[in-house]
Amino acid sequence: MTIVEKIGQQAKEAAQVVAQLSIQDRNQILLSMAEALREQKSAIMAANQTDLASATALSGPMRNRLTLDDATIEGIATSLAAVADLDDPLAGPYENWEHPSGFKIIKKTVPLGVVAMVYEARPNVTVDAAALTFKSGNAVILRGGKEAIHSNIALAQVLRSVLTDHQLNPNIIQLITDTTHDSVNELLHLRQYVDVLIPRGSGSFIDFVVTNATVRVIETGAGNTHIFVDEDADQDQAIEVIVNAKTQKPAVCNAAEKLLIHEKIAAEFLPKVASALIEAGVELRGDDQAVAIDGRLSLATPIDWDTEYNDLIMAIKVVTDIDAAIDWINAHTTHHSETILGQNAQHVADFMNRVDAAVVYQNVSSRFTDGFEFGFGAEIGISTQKLHARGPMGLPALTTINYEVFGDGQTRH
């Protein structure tokens, strides 16, 4: 048995333990984990410094995602406490009904079982995933990227020590420390132990997981996110929304990557929004029309239109009308978050009904696609698929159902 198989076997056994814990126990342990992270802050930051020292090839925004300092660790601990405050996703009341022959059927909410997370350079995911799976009664297998391995080990050790302190199986939370491709490939095929796998990372990484896994996968995350500025948009408001969506946190999947502008306002609006974006440090690329209007843009290549930059880069395209905008977005979307800035009610309705994305906005920054912002608490990811869960995934997305049937000797004729 390989190390990854052993981890899977241990997770399957531990899942039976965590599923039986009361909500009071689960919440108390989450609070203890939050306190333990604060107490072990120095050790966690020291481990993180080791990762940062090796992460010389990462872009500035990606490096920021990797960094753990006083503020980020406090934020992680606070999110654990916030998860403890959320309602129990396993609690009733459950739907129930009686069969004509007299037995009772109860539709019950239950944990998924063993959840595997495969993710890249975001050590906060280690804690978020552990907290949400634990709260929902699941065991978790974590496999982070090599960039954050020392940080992830330190965080996982803290969480596992809390489980041990409460006389629980620490294998409720396990971290795969092998950061080679072999461990990912093995995890993708661990069907006998893993009930569902959730990847988080770049679009190419998620595509690899979805294409190669035999374990059930919830597709998440990749965000080639568009904003369309219609001809009747409030231009000052639009600039504020666009700059926020692009620059507030550029290395995340809900940051805007592409800007489409209605041709009737392009000559007036594009130079204004370009100035605001350039002032905020954004490199701009554009199609032929956009470059002709504003020479500060470099000419985009075909690859640009399908690229999730995760950086201070944005590509701009001029479109003829709402239909052209919708068609373009549907051809290039990753089905994450898409935005229309405008007031025309029919255009907005067309955009909402026809754009194929998990979240569709009018006059709102796409940066709000987030579990906390949607009132779900911490999120396990943002699902861009259509089965079981879609959009920001909170605790209910980590549960499934079974049917309990109670009778008195009924037989079928």
Specify the closest pair of heavy atoms between Ala129 and Leu142, including all atoms of both residues, with the distance to one decimal. CB-CD2, 3.8 Å
Taking Thr164 for the side chain and Arg160 for the main chain, is one N or O donor matched with an acceptor at less than 3.5 Å? yes
For Asp327 versus Arg354, what's the shortest heavy-atom pair and its separation? OD1-NH2, 3.8 Å
May I ask you to decide if Lys264's main-chain N or O and His262's side chain share a donor-acceptor pair within less than 3.5 Å? yes
Check this for me, if you would: do Lys12 and Asp195 make a salt bridge, where the nitrogen-to-carboxylate-oxygen distance has to be below 4.0 angstrom? yes
Does the side chain of Glu338 pick up a donor-acceptor pair with the side chain of Thr333 at under 3.5 Å? yes
For Glu257, is there an ion pair with Lys246 - N to carboxylate O distance below 4.0 angstrom? yes
Given Asn152 and Thr126, is the side-chain hydrogen bond (donor to acceptor under 3.5 Å, both in side chains) satisfied, shown in steps? CA-CA 6 Å; Asn152 289 335; Thr126 298; 2.7 Å; yes
Would you tell me whether Lys258 and Asn224 have side-chain atoms, one donor and one acceptor, within less than 3.5 Å of each other? yes
Does Thr211 use its side chain to pair, donor to acceptor, with the backbone of Phe208 at less than 3.5 Å? no
When you look at Thr301 and Asp304, which way does the side-chain hydrogen bond (donor to acceptor under 3.5 Å, both in side chains) test go after all the steps? CA-CA 5 Å; Thr301 68; Asp304 276 297; 3.1 Å; yes
Please name the pair of heavy atoms, one in Ile106 and one in Tyr94, separated by the smallest distance, quoted to 0.1 Å. CG2-CB, 3.9 Å
Is it the case that the side chain of Lys317 and the backbone of Trp305 share a donor-acceptor pair, with hydrogens and angles ignored and the cut-off at 3.5 Å? no
Distance-only polar pair, side chains of Ser366 and Ser337, donor-acceptor under 3.5 Å: no
Any chance CG of Asn185 has more than 12 other-residue heavy atoms, nucleotides or ligands included, within less than 6.0 Å? yes
Backbone of Ala130 reached by a side-chain donor or acceptor of Lys135 within 3.5 Å: no
Any side-chain donor near an acceptor of the partner, Lys249 and Asn64, under 3.5 Å: no
With a 3.5 Å cut-off and no angle check, do the side chains of Thr78 and Glu74 form a donor-acceptor pair? yes
Do Glu240 and Asn244 meet the criterion of a side-chain donor-acceptor pair at a distance under 3.5 Å? no
Just wondering, are more than 12 heavy atoms of other shown residues or ligands nearer than 6.0 Å to CZ in Phe368? no
Keeping His347 on the side-chain end and Gln343 on the backbone end, is there a donor-acceptor pair under 3.5 Å? no
Side chains of Thr179 and Arg143: is there a donor and an acceptor less than 3.5 Å apart? no
Does Glu219 reach the main-chain N or O of Ser383 with its side chain, forming a donor-acceptor pair under 3.5 Å? no
Indicate whether any N or O donor in one side chain lies under 3.5 Å from an N or O acceptor in the other, for Ser151 and Asn48. yes
Would you confirm whether His336, through its side chain, and Ile382, through its main-chain N or O, come within 3.5 Å as a donor-acceptor pair? no
Backbone N/O of Val17 and side chain of Asn169: donor-acceptor pair under 3.5 Å: no
I'd like to know if the side chain of Asp230 reaches the main chain of Asp232, judged simply by a donor and an acceptor atom lying under 3.5 Å from each other, with no hydrogens or angles considered. no
If only side-chain N and O atoms count, and only distance matters, is there a donor-acceptor pair under 3.5 Å linking Thr2 with Glu186? yes
Begin with the C-alpha distance, continue with both residues' side-chain angles, and end with the deciding distance and a verdict on side-chain contact (heavy atoms from CB on, under 4.5 Å) for Arg285 and Glu283. CA-CA 7 Å; Arg285 304 169 186 177; Glu283 174 192 337; 3.0 Å; yes
For Val348 versus Gly342, what's the shortest heavy-atom pair and its separation? CG2-O, 4.1 Å
Would you name the heavy atoms of Val291 and Ser298 that are closest together and state the gap between them? CG2-O, 3.8 Å
Looking only at heavy atoms, what is the nearest atom pair of Leu163 and Pro170, with distance? CD1-O, 3.7 Å
Could you check whether any side-chain heavy atom of Phe351 comes within less than 4.5 Å of a side-chain heavy atom of Thr339, counting everything from C-beta outward? no
Can a donor-acceptor pair be found between the side chains of Asp69 and Thr72 at a distance below 3.5 Å? yes
